[in-house]
Amino acid sequence: MSVDGAQTHTPPETEAGVDLIIRAKRALLPDGIAAAEVAVTDGRIVEIATGEDRLGTTSAQVIDVDDTQVLLPGLVDTHVHVNDPGRSEWEGFASATKAAAAGGVTTILDMPLNSLPPTVDVPALEVKRAVAGPKAFVDVGFWGGAIPGNMGELRPLHEAGVFGFKCFLEDSGVDEFPPLTPTEMGADLAEIADFDGLLIVHAEDHEVMAEAPSASGRKFSDFLASRPREAENVAIGHVIDAARATGGRAHILHLSSADALPQIAAAKAEGVRLTVETCPHYLVFTAEEIPDGATTHKCCPPIREESNREALWQGLIDGTIDCIVSDHSPSTAELKLLDSGDFGAAWGGISSLQLGLPLVWTEAQRRGIDLTEVVRWMSAAPAAIARVEGKGSIAVGNAADFALFAPDEEWTVSATELHHRNQITAYDQRTVSGRVTQTLLAGAPVDFDTPHGRLLTAP
């Protein structure tokens with residue numbers, strides 16, 4: 001039978017213990033793209049044959065990937081706002097994880113804010129797990145939150161299995177998740193370093209922001225001026241100082257300001273334990289092309305100029321930026337204020353969870369970047385930073401999480417066809433290259449009627 005471009009069949013011979021064999025003339029392995037056969041048992045990769053080697057004919061199910069597609073490892077998106085429970089009208093675990101699966105993402109890490117309660121203590125984590133478990137179509141892990149006054153909750157959250165802790169250095173947009181001062185951040189990082197955890201930071205400096213012009217009205221240029229590059233640059237300096245002083249692991253979220261790249265590169269060269277992510281919207285859009293009133297494009301920090309975008313791409317190429325994640329931050333249409341187009345009052349966030357791979361691949365091709373590098377940025381690298389074990393590559397022992405990707409297929413995004421609960425996206429009607437045709441989780445095609453994702457705990 002045909003399964004979205006792949007042929008499946010059950011041959012007559014038998015080989016004990018193997019449930020599934022995937023045959024692909026193009027499989028993205030840790031050493032590059034090659035013809036491969038991948039054997040799966042109980043949701044794990046147990047053998048890989050390449051070149052002239054063959055796994056043999058077995059009684060296992062066989063998926064033959066056609067020549068137009070590449071077998072990829074499932075993507076790992078470590079920056080997703082699911083907003084469930086409490087604000088599930090913004091997204092929710094069912095819609096978010098369906099969107100992830102449709103985009104080839106087999107693992108997400110959920111952010112600790114915008115849900116009610118926020119994930120700032122173990123009871124709140126247990127509430128979130130209870131809500132997510134029955135709804136998850138892909139595997140889900142959780143970040144904890146670091147806010148003023150909850151330092152005593154950080155170690156218990158770590159022991160309960162969160163993958164690290166998020167903090168803000170500027171207003172988060174929701175009252176129940178207040179920001180830290182740089183001094184408070186340093187103290188929390190010292191505590192987190194004691195158990196070798198990870199602090200992930202929304203790096204915009206409150207004092208710089210307070211001196212910037214306020215944002216209101218329809219002009220994107222006014223919104224951009226309200227969140228200057230200097231706010232990011234100064235805040236990133238505070239993070240570097242704290243990581244240097246404590247020896248702790250720190251991660252910069254959604255880097256927008258390319259001006260910060262030299263200080264990041266210098267810190268890394270010095271041995272500071274620092275990693276950095278950026279997002280598709282900073283790599284696709286430019287400030288010059290955003291129409292006034294287009295609040296679909298509002299995010300914090302903001303999309304910046306074309307020269308800044310190209311510098312971010314160079315930061316990826318030279319390794320200063322480590323990975324690409326979505327920062328999927330959805331809301332209702334009402335909160336986006338689409339009618340008034342008021343950038344000052346509209347909710348800031350871009351929905352892209354289902355679209356990341358084709359968006360990034362389209363832009364990467366224009367710059368001569370190959371698919372191997374794109375997938376590393378979107379799978380192996382985020383998995384390594386967050387220490388999500390057994391994910392991010394097609395390797396023996398890893399989870400049998402795969403995406404079948406047709407890299408040459410062009411198509412046009414339609415917001416109304418996305419799985420996002422609120423079908424609003426800055427990418428509506430954008431033509432992209434590359435389509436995910438099938439996603440497998442633990443060796444099984446994702447069934448969009450039956451959730452079978454697992455809840456993950458950090459090692």
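Nothing fancy with the numbering, it's 1 onward along the sequence.
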Looking at [X] and [Y], what are the two nearest heavy atoms and their distance?
X: G217; Y: D342; answer: N-OD1, 2.9 Å
X: L189; Y: A250; answer: CD2-CB, 4.4 Å
X: G319; Y: K268; answer: O-NZ, 3.3 Å
X: R249; Y: I385; answer: NH1-O, 3.4 Å
X: L355; Y: L418; answer: CD2-CD2, 3.8 Å
X: T106; Y: L441; answer: O-CD1, 3.6 Å

Is it true that [Y] and [X] share a donor-acceptor pair across their side chains at a distance under 3.5 Å?
X: E91; Y: H81; value: no
X: D327; Y: S329; value: no
X: S256; Y: R304; value: yes

Does [X] reach the main-chain N or O of [Y] with its side chain, forming a donor-acceptor pair under 3.5 Å?
X: T246; Y: A190; answer: no
X: K336; Y: G349; answer: yes
X: D318; Y: T320; answer: yes
X: T78; Y: P382; answer: no
X: Q263; Y: N233; answer: yes
X: W361; Y: V374; answer: no
X: D222; Y: A215; answer: no
X: S379; Y: G74; answer: yes

Roughly how far apart are [X] [atom1] and [Y] [atom2], rounded to 0.5 Å?
X: K98; Y: F448; atom1: NZ; atom2: CZ; value: 8.0 Å
X: S352; Y: H328; atom1: OG; atom2: NE2; value: 7.5 Å
X: N114; Y: S88; atom1: CG; atom2: OG; value: 12.5 Å
X: I290; Y: T295; atom1: CD1; atom2: OG1; value: 11.0 Å
X: L283; Y: T362; atom1: CG; atom2: OG1; value: 12.0 Å
X: I240; Y: R273; atom1: CD1; atom2: CZ; value: 15.5 Å

Side chains of [X] and [Y]: does their closest heavy-atom pair fall under 4.5 Å?
X: K128; Y: F93; answer: yes
X: E277; Y: I200; answer: no
X: L198; Y: I192; answer: no
X: N308; Y: Y282; answer: no
X: L404; Y: L440; answer: yes
X: V40; Y: F402; answer: yes
X: V80; Y: V105; answer: no
X: H79; Y: H251; answer: no

Problem - With sequence neighbours excluded, residues passing side chain to side chain donor-acceptor pair (under 3.5 Å) with T278 - result: none
Exercise for the section: List for me each residue that meets side chain to side chain donor-acceptor pair (under 3.5 Å) alongside S326, sequence neighbours excluded, and say none if there are none. Expected result: D77
Exercise for the section: Mind running salt bridge (charged side-chain N to carboxylate O under 4.0 Å, His left out) on E288 and R309 for me, showing each step along the way? Expected result: CA-CA 11 Å; E288 293 91 341; R309 179 187 66 180; over 6 Å; no
Could you tell me how the ring of [X] sits relative to the ring of [Y]: parallel (under 30°), tilted (30 to 60°) or perpendicular (over 60°)?
X: F163; Y: W143; answer: perpendicular
X: F223; Y: F343; answer: parallel
X: F285; Y: Y427; answer: parallel

Exercise for the section: Could you check V138 against T439 for side-chain contact (heavy atoms from CB on, under 4.5 Å), going step by step and ending with a plain yes or no? Expected result: CA-CA 10 Å; V138 301; T439 300; 5.6 Å; no
Exercise for the section: Give a yes or no on this: more than 12 heavy atoms of other residues, nucleotides or ligands lie within 6.0 Å of atom CG of D175. Expected result: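 For D175, atom CG is not crowded (no more than 12 foreign heavy atoms under 6.0 Å).
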Problem - Residue among L109, V82, L455 satisfying side-chain contact (heavy atoms from CB on, under 4.5 Å) with F142 - result: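 Testing each of L109, V82, L455 against F142, the sole residue satisfying side-chain contact (heavy atoms from CB on, under 4.5 Å) is L455.
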Handout entry: Under-4.0 Å salt bridge between R421 and D84
Key =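 A salt bridge is absent here (no side-chain N lies under 4.0 Å from a carboxylate O).
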Handout entry: Residue that, paired with H202, satisfies side-chain hydrogen bond (donor to acceptor under 3.5 Å, both in side chains) out of H254, E232, E170
Key =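 Passing option: H254.
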Show which side-chain atoms of residues 146-162 pair as donor or acceptor with protein atoms under 3.5 Å away, not counting sequence neighbours.
unit_1 : atom_1 : unit_2 : atom_2 : d
N150   : OD1    : I147   : N      : 2.9
N150   : ND2    : V120   : O      : 3.1
N150   : ND2    : G145   : O      : 2.9
R155   : NH2    : D194   : OD2    : 2.6

